[in-house]
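Structure record follows, encoded as structure tokens.
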Amino acid sequence: MIQKVRGTRDILPPESRLWVEVEAVAQRVFGGFGYEEIRLPLLEPTELFVRSVGEATDIVGKEMYTFADRKGRSLTLRPEGTAGVARAFIENGLAQRPSPLRLSYLGPMFRYEKMQRGRYRQFGQIGIELLGAATPAADAEVMLALHTFLAELGFDDLVIVLNNLGDPEDRPRFIELLLRELEGRREELCADCQRRWDANPLRILDCKVPRCRELVAGTTPVAEVVSEEARRHVDGVEAALRDLGVAVQRAPRLVRGLDYYLRTVFEVVSPELGEDTVICGGGRYDRLISDLGGPQVPGVGFAIGEDRLIEVLPASFRERVLGRRPVVVLPVGEAAATTLAVVRALAVRGIAAHAEVTGRSLKAGLKWAGKLGARVVVIVGGDELAAGAVVVRDLDRGEQQAVPIAEVADVLERTGEA
RNA sequence: GUGGGCGUAGCUCAGCUGGUAGAGCACAGGAUUGUGGCUCCUGUGGUCGUGGGUUCGACUCCCAUCGCCCACCCCA
């Protein structure tokens with residue numbers, strides 16, 4: 001038997017409804033903030049990610065889903081969305097469009113990792129990017145859009161945690177300070193951190209090993225070492241969010257696993273989301289586009305892990321989406337065509353209707369409707385049909401009435417069946 | 001990448017110390033004429049993950065391989 005590739009998965013109905021619905025909310029909310037969807041290739045030259053995400057990151061170091069095409073070129077299935085957006089921005093001369101440019105994207109990303117619950121090699125992400133604006137208001141907008149999206153899904157008590165990574169120029173100074181402060185305790189750090197010491201010292205900051213955390217807690221936060229400009233920027237973002245009533249919290253040790261971030265980096269936490277499981281993260285990346293050979297265009301954005309988001313979706317949302325009940329339309333005798341006509345009348349009104357097309361008896365049809373979870377069954381045939389009507393039966397109440405065919409959709413809409 | 005557990009019908013599992021497979025659920029039909037959810041009956045469905053070995057004979061033993069799950073790691 002042919003099986004799915006490791007780390008991929010099949011999302012079947014009704015589970016798939018949650019994806020469709022979450023994506024619809026995203027399109028609506030982000031669209032409302034002026035973001036339009038950009039659809040990009042899943043496959044990019046490996047070089048793009050090495051240069052944007054960063055050589056020393058885990059993503060590039062060991063998680064890229066890379067392989068050679070028939071001509072030996074190294075291709076990689078996109079591990080994240082921002083790099084591709086930056087590439088497309090440059091390649092299509094989007095700097096010529098009215099600035100700033102607001103883009104959203106959604107779709108599968110790939111990371112070649114050992115999989116586990118909530119972690120797949122192919123996983124969905126939803127994100128937005130605001131390109132061409134470097135003000136605190138730009139960051140605040142992006143975070144507000146994110147906050148609004150999650151709130152629309154029914155999440156409460158959302159807190160945005162953010163940190164100030166400063167500008168690239170600040171980094172050597174900070175890293176030097178960090179390493180100096182940890183110098184004497186170097187041996188006490190975990191093996192991974194010892195490795196990070198030389199390769200990517202910033203990552204020591206968000207190590208999960210308890211001892212490392214203790215040691216790191218005693219060091220000077222990045223935010224205190226950054227330039228005055230960077231400090232004002234992130235403080236401005238925080239202030240703007242507070243004015244908007246969005247809960248913000250400083251996370252002095254927050255570092256994200258991508259090299260291109262500077263100044264603002266953030267994540268969203270919520271009681272429902274659990275402590276260690278990040279479902280969403282983002283930040284500012286003013287040098288990314290120019291580093292890739294494009295114009296000097298600043299950017300800020302975030303990405304949400306869709307798989308995890310769906311795992312922790314509020315019950316209210318799940319129930320609303322999964323609790324939908326279809327209408328079933330059953331023919332009696334030679335009423336196949338009329339049955340389909342009734343389904344069409346309902347379908348165009350947005351009422352999900354299933355036609356009975358297997359030729360089973362009315363009795364078997366009702367049994368089937370029950371199993372589908374239908375609340376209403378429309379029975380087409382016999383005397384009523386001769387009079388231009390059908391029977392609308394409420395399965396929960398066990399009541400039914402004859403309704404003229406032309407009015408079926410109206411009646412179902414009125415009784416709240418949709 | 002490291003460590004551990006598991007792979008028998010769509011699902012959850014049974015199958016004793018080797019004699020070529022069962023249950024429940026699910027699915028389909030029926031219990032007379034155009035009315036379901038309960039009950040009863042019947043039926044569909046498995047190369048026992050795959051390959052090889054031991055054996056007269058393996059789902060049961062051995063080896064390999066693939067897949068899945070959990071933890072670590074890292075992240076979304």
Side-chain angles (χ1 to χ4, degrees), chain A residues 1-10 12 53 56-64 78-82 106-127 146 190-193 195-196 200 203 206-209 212 254-258 267-269 273-274 276-282 302-312 328 330-335 356 358-386 390-402:
Chain A
M1 184 175 61
I2 297 174
Q3 296 174 302
K4 61 181 164 292
V5 170
R6 184 176 202 136
T8 63
R9 59 179 180 148
D10 303 321
L12 315 172
V53 175
T57 61
D58 287 307
I59 292 179
V60 170
K62 56 179 194 182
E63 295 171 0
M64 287 206 296
R78 61 180 189 188
E80 58 103 40
T82 306
L106 136 191
M109 304 293 163
F110 303 81
R111 289 187 199 172
Y112 199 92
E113 294 187 275
K114 180 105 178 196
M115 51 173 298
Q116 232 178 90
R117 190 176 72 88
R119 229 166 118 195
Y120 308 91
R121 285 184 179 174
Q122 177 180 331
F123 56 97
Q125 273 193 354
I126 299 174
L146 167 61
C190 69
D192 284 312
C193 283
R195 203 163 31 70
R196 290 173 186 139
N200 197 355
R203 306 280 310 151
D206 65 352
C207 181
K208 302 295 185 293
V209 177
C212 294
L254 175 64
V255 175
R256 311 224 65 252
L258 301 149
E267 293 180 349
V268 172
V269 299
L273 304 185
D276 50 345
T277 304
V278 181
I279 61 151
C280 175
F302 66 77
I304 301 166
E306 208 173 349
D307 305 69
R308 287 181 179 179
L309 177 67
I310 283 167
E311 257 185 74
V312 299
V328 164
L330 303 173
V332 174
E334 303 300 310
E356 200 313 288
T358 65
R360 38 158 83 86
S361 66
L362 176 61
K363 186 188 185 108
L366 281 161
K367 216 177 210 174
W368 173 64
K371 281 186 286 207
L372 286 182
R375 190 169 89 204
V376 171
V377 168
V378 177
I379 299 165
V380 182
D383 302 339
E384 291 87 356
L385 184 53
V390 293
V391 172
V392 173
R393 180 177 177 80
D394 183 314
L395 291 185
D396 289 354
R397 297 182 189 166
E399 296 165 357
Q400 62 186 46
Q401 56 175 322

With no angle test and no hydrogens, is the base of B:rG34 tied to the side chain of A:E384 by a donor-acceptor pair under 3.5 Å? yes
Closest to the A:Q400 side chain, choosing from B:rU35, B:rG29, B:rG34: B:rU35
Considering only the C1' atoms, how many Å lie between B:rU44 and B:rC27, rounded to the nearest integer? 8 Å
Is the base of B:rG36 stacked against the aromatic ring of A:W368, taking ring centres under 5.5 Å apart and planes under 30° as the test? no
Rounding to the closest angstrom, what is the interatomic distance between B:rC61 and B:rG19 at atom P? 11 Å
Separation of A:Q401 atom CD from B:rU35 atom P, in whole Å? 19 Å
Polar side-chain atom of A:R9 near backbone of A:F123 as donor-acceptor pair, under 3.5 Å: no
A:R9 vs B:rC68: side-chain N/O to OP1/OP2 distance below 4.0 Å: no
Given the structure, check if the side chain of A:R393 and the base of B:rG36 hold any donor-acceptor pair shorter than 3.5 Å. yes
Nucleotide-level pairing of RNA chain B, given in dot-bracket where Watson-Crick and G-U pairs need both distances under 3.5 Å and | marks other strands: (((((((..((((........)))).(((((.......))))).....(((((.......))))))))))))....
I want to verify a distance call: between B:rG30, B:rA28, B:rU35, whose nearest atom is closest to the A:A364 side chain? B:rG30
Is there a donor and acceptor pair, one atom on the side chain of A:R111 and one on the base of B:rA76, closer than 3.5 Å? yes
Tell me: CZ of A:R6 to C1' of B:rU65, nearest whole Å? 13 Å
Quick check for you: among B:rG36, B:rA76, B:rC27, whose closest atom lies nearest to any side-chain atom of A:K363? B:rG36
